[in-house]
Amino acid sequence: MKVPYVNFKTRIGDDNAVGGCAFIGGEWKDVDTTEIFDNKKVVVFALPGAFTPTCSSQQLPGYEEMYDEFKANGIDEVYCLSVNDAFVMNAWFKNQDIKKVKPIGDGEGVFTHGLDMLVDKPVQGFGKRSWRYSMLVDNGKIVKQFVEEGQNNSSSDADPFEVSDAQTMLDFIKSNAG
């Protein structure tokens with residue numbers, strides 16, 4: 001399966017603090033899936049939301065800590081995807097002091113919907129969000145996905161985080177090298 005074609009709205013150069021985690025001053029930059037995935041081996045991990053507990057305390061920091069190991073094992077880039085806008089993703093990465101992993105804000109959820117990973121989160125009041133998963137993509141083709149169990153549209157889950165972690169993905173890459 002190929003990743004769906006999407007044009008992501010990103011922000012670059014926002015460096016003027018306007019309070020809290022908010023920054024402005026840059027510009028919009030469109031980045032499409034061709035630019036992200038073509039002729040590259042990429043790891044993407046997706047999560048329900050920036051600034052949320054498991055995402056901030058475990059999933060994002062785990063991939064940041066293991067980033068150099070991914071690179072040493074033939075991965076060109078590691079991306080964190082969430083159904084949040086570019087301002088939110090950039091503010092979260094600044095707040096978490098993330099320097100290596102790259103953010104992808106899927107603000108309208110088009111990419112996430114194209115992978116059938118868009119879910120409702122009514123209990124939390126989140127609206128549409130990404131289900132938690134990770135995937136290895138080689139030249140736009142999905143090689144492997146680790147999808148958390150219990151995907152649903154009623155928030156009838158305990159926000160599972162068992163298989164979409166950095167170590168599981170890194171172990172898969174190492175065991176399938178060569």
Side-chain angles (χ1 to χ4, degrees), residues 3 8 10-11 20-23 36-37 41-107 109 111-113 115-137 142-177:
V3 295
F8 297 105
T10 68
R11 296 283 305 174
C21 292
F23 290 83
I36 293 171
F37 296 109
K41 278 190 179 179
V42 175
V43 169
V44 176
F45 63 98
L47 38 81
F51 293 104
T52 58
T54 302
C55 305
S56 296
S57 67
Q58 296 177 58
Q59 198 169 14
L60 179 58
Y63 277 92
E64 179 76 1
E65 289 170 15
M66 300 180 109
Y67 180 89
D68 293 332
E69 285 188 72
F70 282 108
K71 296 287 281 189
N73 281 278
I75 300 304
D76 294 300
E77 198 54 76
V78 178
Y79 289 95
C80 173
L81 183 136
S82 184
V83 180
N84 290 116
D85 62 66
F87 286 110
V88 170
M89 292 298 285
N90 289 347
W92 184 41
F93 272 52
K94 285 180 185 181
N95 177 266
Q96 295 284 303
D97 197 31
I98 302 299
K99 305 286 188 208
K100 298 174 181 179
V101 171
K102 306 291 185 293
I104 300 176
D106 186 18
F111 184 84
T112 304
H113 176 76
L115 290 174
D116 199 27
M117 292 291 168
L118 194 64
V119 296
D120 288 318
K121 290 287 202 176
V123 171
Q124 299 85 352
F126 283 176
K128 301 278 187 192
R129 294 295 175 108
S130 178
W131 187 249
R132 196 182 303 278
Y133 69 93
S134 64
M135 65 181 176
L136 174 62
V137 181
I142 300 170
V143 174
K144 178 68 176 173
Q145 283 185 307
F146 292 100
V147 180
E148 298 296 341
E149 288 198 29
Q151 185 176 350
N152 67 85
N153 285 305
S154 62
S155 301
S156 60
D157 59 81
D159 190 24
F161 181 56
E162 301 294 325
V163 298
S164 61
D165 62 299
Q167 189 64 58
T168 299
M169 179 58 76
L170 187 60
D171 289 347
F172 174 79
I173 291 167
K174 286 180 174 180
S175 69
N176 289 282

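Below, all heavy atoms of this structure are taken into account, side chains as well, without hydrogens, waters or symmetry copies. Residue numbers start at 1 and run along the sequence shown.
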Distance-only donor-acceptor pairs under 3.5 Å for side chains of residues 65-72, two or more places apart:
| unit_1 | atom_1 | unit_2 | atom_2 | d |
| --- | --- | --- | --- | --- |
| Tyr67 | OH | Glu77 | OE2 | 2.8 |
| Asp68 | OD2 | Lys100 | NZ | 2.8 |
| Lys71 | NZ | Asp76 | O | 2.8 |

Atom NZ of Lys94: over 12 foreign heavy atoms under 6.0 Å: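 Yes, NZ of Lys94 has more than 12 neighbouring heavy atoms, counting only those of other groups under 6.0 Å.
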Evaluate whether atom CG of Asp116 has more than 12 neighbouring non-hydrogen atoms of other residues, nucleotides or ligands under 6.0 angstrom away. no
What's the separation between atom [atom1] in [X] and atom [atom2] in [Y], rounded to the nearest 0.5 Å?
X	Y	atom1	atom2	answer
Met117	Met135	CE	CE	8.5 Å
Asp120	Trp131	CG	CH2	12.0 Å
Asp171	Asp165	CG	CG	8.5 Å
Leu47	Ser134	CG	OG	11.0 Å
Phe8	Ile104	CZ	CD1	5.0 Å
Ser130	Gln151	OG	CD	8.5 Å

With heavy-atom distances below 4.5 Å as the criterion, would you say the side chains of [X] and [Y] are in contact?
X	Y	answer
Ile98	Trp92	no
Met169	Leu136	yes
Asn152	Val119	no
Ile36	Val3	no
Thr112	Lys128	no
Cys55	Phe45	no

Geometric class of the Phe111/Phe37 ring pair [parallel <30°, tilted 30-60°, perpendicular >60°]: parallel
Which residues pass the side chain to side chain donor-acceptor pair (under 3.5 Å) test with Arg132, sequence neighbours left out?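 Partners of Arg132 under the side chain to side chain donor-acceptor pair (under 3.5 Å) test: Gln59, Asp159.
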For residues [X] and [Y], report the shortest heavy-atom separation together with the two atoms involved.
X	Y	result
Phe51	Val88	CE1-O, 3.9 Å
Ser56	Pro61	O-CG, 3.1 Å
Ile173	Asn73	CG2-O, 3.7 Å
Cys80	Met89	O-CE, 3.6 Å

With distance as the sole test, does [X] use its side chain to make a donor-acceptor pair with the main-chain N or O of [Y] at under 3.5 Å?
X	Y	result
Glu64	Lys99	yes
Asn84	Ala50	yes
Glu148	Glu162	yes

